[in-house]
There are 2 protein chains.
Amino acid sequence: VATLAERGEQWVIAEARRRAGPPLGAIAVGIGDDAAVLVPPPGERILVTQDMLVEGVHFRTDWLPPEVIGRRAAAVNASDIAAMGGTPIAFVAALALPGSLEAPWVERFLDGLCAEMLTAGAPLAGGDTVASPAGITVDITVIGAAADPVLRRGAEPGDLLVLTGTLGGSAAGLALLADGVRWPGRTPAERAAMARHALPTPRIGPGRVLACGAHALTDVSDAFATEVAAITTAYGLGAVVDEGRLPILPEARALSRERGDGVEGARRWALGGGEDYELLAAVPESRLDTVLSRIRATGVALSVVGRVVARPGLWMVRADDGKEVPLDRSLIGEPFEHFGPGRGTP
Amino acid sequence: VATLAERGEQWVIAEARRRAGPPLGAIAVGIGDDAAVLVPPPGERILVTQDMLVEGVHFRTDWLPPEVIGRRAAAVNASDIAAMGGTPIAFVAALALPGSLEAPWVERFLDGLCAEMLTAGAPLAGGDTVASPAGITVDITVIGAAADPVLRRGAEPGDLLVLTGTLGGSAAGLALLADGVRWPGRTPAERAAMARHALPTPRIGPGRVLACGAHALTDVSDAFATEVAAITTAYGLGAVVDEGRLPILPEARALSRERGDGVEGARRWALGGGEDYELLAAVPESRLDTVLSRIRATGVALSVVGRVVARPGLWMVRADDGKEVPLDRSLIGEPFEHFGPGRGTP
């Protein structure tokens, strides 16, 4: 099998270019010049976000096939544009690749990467390809557009906290991979959870709907509890989360029971696991019905999971006894610290 | 001395945020949300370019101090916006950093990075900070704007090839570093060449001027001969370069003589070294006077170094005998291949 060193840099660029196809949408000039040229939608704001994925830290080539790693890299980036209520208009990707990498791995990775970008509505428009002395690094920048971007700041006491889709599936899928279960899983429950981890869906349509009603918006890339804090306590507010209304993925509940971790294990995955890439918004009660009906029309569930309150702090109303308890580390496990000792794929 | 693992990820983000300062120019929302929000200049095109620098491949921490590595990373990225005739409006930067890195290194790196971004006219507006299992990777995306971007495509037979500044200095500086000369060099000539390598100036002002006259435009990031080909032979045209008019940095000539490589060594640095980050344009003769006077007003030299011709291929008129010879590998040395065996900082 040919390696990247044998094929050369120009081969990678040509393969990426072929999969990206000719410029489309807002892209006037794509791969091949000093910079890509975009024609922004008139009157709209431009959004920029960047996410770097490092082999051994964010992904492992022995856990997921290359096309899945590629799809996931594009999806998690697009999610940040959805989290502003925007639409992706162009992607650029920098790849640091070891020369020893086999050419088919690169082809399959680019298959997934470019397919997911087009799924999110915008092709690859440029980037960089460099040699890596050790390991693969993928760094993607997404350019998006939004008439009226929704920030993390802006929630008001009394707003309802709403969440698209489900929680806990990604953490359950990651736990399976860490336990040595091979992709794509052996049972329907395993496959559901692993797919939630490996192939998240950026909520672009629902994000556009939320942009017309939400006071504050973000995506659940870090732990759910951390993201609730990011739109409430970060601005001197608080939140009360209703445990009984958390949309925990049923398969995550089942897998937690199988592992003997019961309800508590599933709750930890849901509150502390992160990487579900759902949207979390603070919506005024007066706009809830409109938002609910329009998002459900996109085929995505929307749950009311709590409420913004004026007193700073996070609380949870327990499902079993209705008691309000602090939503703290004891309920959600340890937070992610990138530079901590012994870090690696969790 | 504290390490990054002790200080943590939030410390890096806070340090970057402090140096970036509050949003300015086209930036409405900077570091801290799911994406940066930009208000593009009305009617202008948006430019996007990304450049990844890997420790051991593109830079070495034992060759240059951290603030210089930071400045250079921002400058080489901004040069790609200048190469479209545009102005940077926002930078985002992803940093993969080992937890063992010392905090003062990160502080000095961010000093240089953020200072150079502001020098180029736009602050850091976002990015990502992740753990690296081995080595530092810096990936920067620049967003620019231009009313009328100038592409690599567009040169016409008869156009003059013009070049800002000088050639060969960067390659001379890199040769000194590879020989073990310590930054910033021992003699005025060494310091001049090493500064050309380590602290290139993105030609943003001259690029704006060239955008009002040039048919085609690029920057000299790869070898000069490669860049001439990128705006001529890539589109079925040719070029004749006038050796006697190549603006080789005088200090590079002197250093080549000192090394016993004479005129030929300096010519190889100038034609094959690359990384001078000057602008190369194809300008119709009728517009030359206007372009010349306006660029010289910016304090940057502009040289007419050759002419675009209809027959495909690259030639050089030799300075010593006026003879036209093919501009081939024998004159410029080996091209850079990222994934080749034994790659590393050249």
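Every chain is numbered from 1 and lettered A, B, ... according to where its sequence line falls, protein lines coming before strand lines. Values below: all heavy atoms of this structure, side chains included; hydrogens, waters and symmetry mates excluded.
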**Request:** Could you please spell out the steps behind the side chain to side chain contact (heavy atoms under 4.5 Å, CB included) verdict for Ile143(A) and Ile143(B)?
**Result:** CA-CA 9 Å; Ile143(A) 315 297; Ile143(B) 315 298; 3.5 Å; yes
**Request:** Check the pair Val39(A), Arg45(B) against side chain to side chain contact (heavy atoms under 4.5 Å, CB included), reporting the backbone distance first and the verdict last.
**Result:** CA-CA 5 Å; Val39(A) 184; Arg45(B) 301 292 185 251; 3.5 Å; yes
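The two residues Val57(A) and Ala131(B) make their nearest non-hydrogen contact at CG2-O, 3.6 Å. Smallest separation of non-hydrogen atoms from Pro149(B) and Val37(A): CG-CG1, 3.8 Å.
Per-residue heavy-atom pair counts under 4.5 Å with chain B were compared for Gly32(A), Ala94(A), Gly99(A), and the maximum is reached by Ala94(A). Most heavy-atom pairs under 4.5 Å with chain A: of the set Ser132(B), Ala35(B), Pro40(B), this distinction falls to Ala35(B).
A distance-only check finds no donor-acceptor pair linking the side chain of Asp33(A) to the backbone of Leu151(B) [under 3.5 Å]. Side chain of Gln50(B) to backbone of Ala93(A): a donor-acceptor contact under 3.5 angstrom is found.
Contact of Val142(A) with chain B is not made at all, since no heavy-atom distance falls under 4.5 Å. The parts of Leu97(A) that come within reach of chain B are both its backbone and its side chain, each placing non-hydrogen atoms under 4.5 angstrom from that chain. For Val29(A), the part lying under 4.5 angstrom from a heavy atom of chain B is the side chain only. Only the backbone of Glu44(A) comes within contact range of chain B, with heavy atoms under 4.5 Å apart. Only the backbone of Leu217(A) has a heavy atom closer than 4.5 Å to any heavy atom of chain B.
With rounding to the nearest 0.5 angstrom, the CG atom of Leu53(B) is 8.0 Å from the CG atom of Asp128(A).
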Scan the side chains in residues 80-87 of chain A for donor-acceptor partners under 3.5 Å anywhere in the protein, sequence neighbours excluded, and list what turns up.
residue	atom	partner	partner atom	Å
Asp80(A)	OD2	Thr49(A)	OG1	3.3
Thr87(A)	OG1	Arg208(A)	NE	3.3
Thr87(A)	OG1	Arg208(A)	NH1	3.1

